[in-house]
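Read through the structure below, which is laid out as structure tokens, and then see the notes.
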Amino acid sequence: MASISLNGITKVFSSDGPPALSEVDLDIADGEFIVLVGPSGCGKTTLLRIVAGLETSSGGELHIDGADVSNVPAGTRNIAMVFQNYALFPHLTVAENIGFGLKIRGVKKAERLAQVENVASLLGLSPYLARRPGELSGGQRQRVAMGRAIIRQPAAFLMDEPLSNLDAKLRVEMRGEISRMQRRLQATTIYVTHDQTEAMTMGDRVVVLNQGVVQQIGSPEHLYSNPANVFVAKFIGAPTMNMLVGSFDGEHLEVGSAKLSLHTRYAPQSGEVQVGVRPEHLSMAAAGEGHFKGKVVLVEHLGKEVQVHMELSEAGQQEASELIAIVDPSEAPQEDTEAEISIDNINKVHLFELDSGNTLTKL
Amino acid sequence: MEVSSAKGVSPPHLRHDGRRAATFIAPALTIYLLIIMAPTVATVWISFTEWRGIGDSPEFVGLDNYRHLFRSDTFWGSFNRTLGILAVGGLLVFFFSFLFTMLLREMRAKKFLRAVLFFPNVVPPVALAIAWGVLLAPRNGLLNGFLEAIGLDFATRTWLAPDIIFRSVIAGLVWIYTGFFVTILMAGVDRIPKHFYEAADLEGASSRQKLFRVTLPLTWDVLSVAAVLWVITAIKTFEFIYAFGGSGTDPSIATWTLPVQVYAVALGNRSPIFALGQGSAIAVVMVVLVGFLVVLIRRIMHRRVVEF
Amino acid sequence: MESVLELGAAKRGARLASKGFGRLFVWVWVLFSLAMLAWLILAAFKRNNTVFRDLWALPDSNELQNFSDAWDLLNLAQTTLNSLLTVGGGTALTMAVAAPAAYALTRMRFRGASPMVSFFALGIGVPVHAIIIPLFVGLSEVNLTNSLWGLTLTYMGVSMPFAVFLMTGFFRSLPSELEEAAVVEGASPLRVFSVMLPLARPGMVASALIVAVGLWNEFLLALVLTYDEGKRTIGVGLLNTFGAMRYTSNWVGLFASVVIMLTPLIILYTWLSRRIIEGLTVGATK
Amino acid sequence: MINKRDGRRPLWLIFVAALLTLALVAAGCGNDDDSDSGTASVPEATEAPTSDAMEEPMEPTEEPGDDMEEPMEPTEEPRDDMEPDEDNTLRYFSMWNEGEPQQEVLQGIIDSYEEDTGVDVDVLWAGREVLTSVRAALSAGDAVDLIGFEAEPLAGALVNTGETHPLGSLLDHEIPGEDVTVGEVIPESFLDIYAVDGEPHIIPYIVNSSGIHYDARRLAEFGLERPETWDEFIETALAAGDNAVQHDGLINFYNAYWLYWLILRHGGPGSFNAAAADPTGDLWRSDYIRAAVEDLVELVESGALADGYEGSNWPIAQQEWANGNGTFNINGTWLASETASYSSEGFEYRLLPFPTTEGGYESAEVYQIGWVVPEAADSPTAAQEFIAYALNSERLSGMVDVAKNLVPRSDIGVPPELQDAVDMLAASPAGHRPYDGVQGDYPEYWVEFMQLDDQLFFGQIGADEFIDEMAETTSNYWANQ
């Protein structure tokens, strides 16, 4: 396995539009599982394809194990890729698909078959080796694609939304399987997804991309608790973080009807800021005790918890006139009633600059 | 999914593919240049010469051949008949193709019917011409015989009389080509996802509304391809008309179209003229006509391609 | 309320009626074609002096004289062989050359790929008549007139534009991931092409069929570029037979020739029509 | 979307098929050549002189060209660069289709010629598009030694433009098996028609004419006399039942028969050609043309022409005529042979020379079918020898007996169906070319003429309009030359 480092990778498709990728820096350690996440069109697939060699970068350098591979053709980068729709050759059997790369490399037949069988048993595909991809289920095809990637023991795995064609249940299953496999093989992996859950559950580190710009790189926990900006804050976590506008003078925060004193010190700042509160950090409050008043417009019961959607009654709240709180089912209010909500823990409040959306610098 | 390879700079695995692509394309391109393009250019050149092509060498005469053509009634007759096939034949072919496409959609034996409709397109045109000739023969033809048999004596006609013979030819061409265009249009219509029609049905749209609001807009690109194909077909069509006139006798001048005239003037015929220059000039007119009409159709029918 | 319903019913009735009429019309058209074919087949078994006297009579002779006459005149063994050689050879060569070209034009990215596709498509619009004179002169320069080789080469050339056009459609419809997967696995461009070829097989078969049908029916090039009896193709053979039978007024013999010619075609068509039709549609609508 | 089945085999099959086909085509071509030139002809060539040495016709073939004085020059070049066995092959392009009686007769002559001389006659039965093949062969540099076709198109396409060999020396050539020369049996009047600088270029083997054919019994049934003049003809036609004048109107040059004959009757031989050749077009306004045009209009308007004649696709009208539906049919003298297989029982073929007009001229059409030897021929001498051989009365008589055609030799019998035609030719004070040579001399003009003639003959335009249009077309045509 290998380390991969990206230095100032830039990609421009058309000279008059914005760049698809700008100045991406990323160092991936040997054996690390990196997830590239972002909304569709953010450039994550392009970045992956640049690493694969299927796309050229317009600028920057790409090193695999310290060697500059920017001009090395895809086939000789020793990288394996799992495609979104698996890209299995429909006219080849499972065994032939898995062994394809070995065959290209001229590995002898006997050895090839042995390796294929090895990989197949690892993936539970042994009974299907003689079949063609058309005769397999979605999950099986996914495994074949994995097998084709694994068998070559490449420097790195690249996976482009490999689970997006599976149904929800299978997706969860395969998620775990890929993670386990990755850990067992200690394989350097770059995994692209638009699903933040996948990113959070699978990645050693997660790279959040938006409009071709890296927003933040870090472990899932770090991204969750210390989002670098509004975009990351809202992208990571579900339901999404509530955003309100409040005023802050470096110590006191006024948002809604709440006047809070923060324990965390921020660089002096006065005026309006964006205030982010995750739904799980809100709870129902008795009348007159809450930080926010409003009308309950929707109550969603999810079994172990309840999501409460509340329309704030305070005027002037343009940014977010609705709050979502996750509360215990026992606290669930009735729809169409007036209710109050309060912030559980004042330290879980995130503050961002109003204009740039960047998180306020903590002291 | 992000589309990235579709446009833009070549990816590295293909970066040096200019040369590689060249080796893939070269054989086809060579043949194409040799057999189609070079002769086309040569034809343009020959059209400026007088040349019999038997032992003599071409003599440059400038625009004489064209001047000559444009003053010749025979040429204008052929030209107008070609346009007649194009316009009248085109209207009929497209009318029937559309009608059949719509009707076949919901018919049970759809595949069988379509296969029969298409069949004339695989039969050698000589055989079709023979059949069509037997059908329309004036006194003992099948059509008149049939009309008499079912008591429609008044409808019998001299189908090959000079004033209507060309209509009979067009009818034959329509009979042949409708199946072809049904096939193409049907493919376009079949591509339209069913849910559009279901949605239209739920909104209470009539068949006509569905045709104009759903089918037409969503098959527009196929239609434009079909229109281009028709232009080319109509101007090129030769074998059926030639054989319709019979072998051993020149096709009646009342059925001459541009390609038939090229053949008669330049290549052969019972009393050949062997005027290669003039034949080439007519051929050039054909090419120009095709080019002009294709561009025109592209212009008229150009619309944003609908993705679905 | 009721009247509205009635009105709707009436409208629906009218619509159904017009639809029924339309369907009837389709059937009439189709039956007309079939009836014509049936008449030709029956007529091929009739006698010359009665064939036009009673159009609808059943054959009154069971002699196969017509067919043996036609067989002799058509020289079917020779003409069929010639057609098979030129059409088969022309089609196979066309495919062998057009497939890599279409592949490169759609799958390899290089400056000028798209204008090149248009350039090839341009050839579809060039009528045979516009090239036949120089082609004839040029081929005679290199001694390829009156030669099945020359005709094969010509067939290859005239089929090239449409074949490339159809197949670019097919290749374009193939998922690019497959190709990229092969590239990532380290396959060379030639290897990638050979991996992609089987995927394009339905398209190639269809294109080949369409090209072959077109060439099979061609007779102008064959008529002008060859003249030896031993080099006649089926189309020219039928045209000559047509001439001979008309001069001798051997109509039934003519019908027999047509029937002889059509029989294998009908059999093949019932077998392959789906392929042809589907191929045409994929290629033309992409 | 993507075919799941095994994709390999058929694909390779295509390529293998391609290779196989190439190999086959190559092999096929090779074989053809072998059988054409090598194996077939060489043994025969060696055998022939020994086995057939007693036959007279051997003499001329043994020393080709030596016993003739004139053709020395033209034969010299080909002799130098010719392989000996190629000398023994004769490329012959014929207008007949396989299966036509004339073809069968010619095939018989060719067979015996090959046997007698050891020369291999490589014949192409090209049908009426023979000149298409000829041009293909000629411009490919593929020598054609002999072409047999109608004289008019031959004249227009080849003779007038100097692409044929003069055949004057052939006239002194003895006909194998007979004590006469070619010049002694083929009347000069026939040869002169297409002579260039006094030398014939076309040697006829069939001489047809045209006229109005009728079934004598049918005329008798109606109690009618054979008409002589144009007025009588129309009168008779009107009395001879429905569809009296059968005519295949889709053949433009059949339609042209009427007007061309009428013009020659009113203006004399050469008058139609003169009108065509008049650069001003004014001759079309002359009296003889007007008289002819008006006569034709009279026929068209009389109703004597069969219903639907304008849309009759050859050979339908002549078939009906032979079947007893209709009385007259204007056509070439080959009509008897063409319709023999389906004419009604007891049909009595008679030919009416084209009706005369008051104060008009009389002449007969000489419609020759003959041979030319192209200038580019490889073996012009052998070609001429074949011509002489085929003109032998015994051999040529097949054209009369089997094919029911007239031949240029008057010492060969006449089929009874054609006695009228022979009489007509004999009685005529003059002969003229078919269509007075307009078709042959001005093929492009001919196309324009036939269209206007159709309109007149189908009653679409009147006499005045026709004359005006013809005058204009003629002057335009010449202005463009």
Side-chain angles (χ1 to χ4, degrees), chain B residues 5 10 13-14 17-18 20-21 24-25 27-28 31-32 34-36 39-40 42-43 46 100 103 107 113 115-119 122 124-127 130-131 135 140 142 145 183-184 187-188 191 222 225 232 235-236 238-239 243 246-248 259 262 266-267 276 279-280 283 286-287 290 294, chain C residues 15 22-23 26 30 33-34 36 39-40 52 55 97-98 100-101 103-105 108-111 120 123-127 129-131 133-135 137 154 156-158 160-161 164 176 183 189 213 217 219-220 224 235 238-239 242-243 246-247 254 258 261-262 265 269 273 277 280-281 284-285:
Chain B
S5 72
S10 358
H13 68 290
L14 306 171
D17 272 12
R20 205 162 274 136
F24 274 74
I25 297 168
I31 294 285
Y32 176 58
L34 223 61
I35 306 281
I36 308 270
T40 309
T43 295
I46 295 173
F100 288 4
L103 289 165
M107 284 174 82
L113 294 170
V116 176
L117 287 175
F118 189 81
F119 186 61
V122 298
V126 184
I130 292 170
L135 180 81
N140 41 24
L142 291 183
T183 303
I184 289 189
R191 268 191 333 171
V222 178
V225 169
I232 293 168
I235 293 174
K236 265 183 175 179
F238 166 77
E239 275 92 347
S247 172
V262 174
L267 297 167
L276 292 190
S280 297
M286 286 169 67
V287 175
V290 170
V294 168
Chain C
R15 206 182 291 168
R23 290 182 180 186
V26 176
V30 163
S33 303
L34 291 176
M36 211 140 97
W39 189 88
L40 272 178
F52 287 117
L55 291 174
V97 168
Y103 170 78
L105 287 171
M108 296 187 178
R109 216 130 292 116
F110 59 95
R111 205 178 285 273
F120 268 105
I124 301 173
V126 175
H129 291 80
I131 58 170
I133 295 166
L135 197 59
V137 175
T154 307
M156 186 179 170
V158 296
M160 196 63 66
V164 169
S176 62
V183 166
V213 166
N217 289 340
F219 72 69
L220 177 66
V224 174
L238 189 63
L239 192 71
F242 187 20
R246 276 188 8 153
Y247 272 103
L254 180 60
V258 173
M261 211 178 142
L262 283 186
L265 209 64
Y269 184 69
S273 66
I277 287 174
L280 187 70
T281 55
T285 56

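Every chain is numbered from 1 and lettered A, B, ... according to where its sequence line falls, protein lines coming before strand lines. Since we're looking at a predicted model, the values are computed, not measured.
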- Checking Met261(C) against chain B: side chain, backbone, both or neither under 4.5 Å from a heavy atom? side chain
- Item | Backbone of Gly123(C) reached by a side-chain donor or acceptor of Tyr32(B) within 3.5 Å | yes
- Item | Best-contacting candidate, Val224(C), Leu220(C), Val213(C), against chain B by heavy atom pairs under 4.5 angstrom | Leu220(C)
- Item | Under 4.5 Å from a heavy atom of chain C, the part of Ala266(B) involved | side chain
- Query: Side chain, backbone, both or neither: which part of Leu135(B) has a non-hydrogen atom closer than 4.5 Å to chain C?
  - Reply: side chain
- Note on the structure: Counting heavy-atom pairs under 4.5 Å with chain C, the top scorer among Val294(B), Leu276(B), Val126(B) is Val126(B)
- Query: Do the ring planes of Phe118(B) and Tyr269(C) sit parallel (below 30°), tilted (30 to 60°) or perpendicular (above 60°)?
  - Reply: parallel
- Message: Counting only non-hydrogen atoms closer than 4.5 Å, does Tyr103(C) touch chain B with its backbone (N, CA, C, O), its side chain (CB onward), both, or neither?
- Response: side chain
- Query: Of the listed residues (Ala115(B), Ala283(B), Gly145(B)), which shares the most heavy-atom pairs with chain C below a 4.5 Å separation?
  - Reply: Ala115(B)
- Message: If we define contacts as heavy-atom pairs under 4.5 Å, which of Pro124(B), Ala42(B), Ala127(B), Ala131(B) has the most with chain C?
- Response: Pro124(B)
- Message: With heavy-atom distances below 4.5 Å as the criterion, would you say the side chains of Leu105(C) and Phe120(C) are in contact?
- Response: yes
- Among Val258(C), Leu135(C), Val164(C), who wins on heavy-atom pairs under 4.5 Å with chain B? Leu135(C)
- Message: Taking every non-hydrogen pair under 4.5 Å, which of Leu34(B), Leu113(B), Thr40(B) racks up the most with chain C?
- Response: Leu113(B)
- Message: What part of Leu254(C) gets within 4.5 angstrom of chain B, counting heavy atoms only: side chain, backbone, both, or neither?
- Response: side chain
- Query: Where do Val158(C) and Ile35(B) come nearest, in terms of heavy atoms and distance?
  - Reply: N-CG2, 4.1 Å
- Task: With the side chain counted from C-beta on, respond yes when Glu239(B) and Asn217(C) share a heavy-atom pair under 4.5 Å apart, and no when they do not.
- Result: no
- Message: At a heavy-atom distance under 4.5 Å, which candidate from Val116(B), Leu117(B), Leu142(B) has the highest pair count against chain C?
- Response: Leu142(B)
- Query: How long is the span from the CZ atom in Phe119(B) to the CG atom in Leu262(C), to the nearest 0.5 Å?
  - Reply: 5.5 Å
- Query: Is the shortest heavy-atom distance from the side chain of Ile184(B) to the side chain of Val225(B) under 4.5 Å?
  - Reply: no
- Task: Heavy atoms only: give me the nearest Pro259(B)-Ile235(B) pair and the separation to one decimal.
- Result: CG-O, 3.4 Å
- Query: Do the side chains of Ile46(B) and Val137(C) get nearer than 4.5 Å, heavy atoms only?
  - Reply: no
- Query: Top residue by heavy-atom pair count (under 4.5 Å) with chain B, among Gly125(C), Ala130(C), Ala104(C)?
  - Reply: Ala130(C)
- Would you say the side chain of Met160(C) lies within less than 4.5 Å of the side chain of Val97(C), judging by non-hydrogen atoms? yes
- Query: Of the backbone (N, CA, C, O) and the side chain (C-beta and beyond), which part of Ile232(B) lies under 4.5 Å from a heavy atom of chain C, both, or neither?
  - Reply: side chain
- Toward chain C, the part of Val290(B) with a non-hydrogen atom under 4.5 Å: side chain
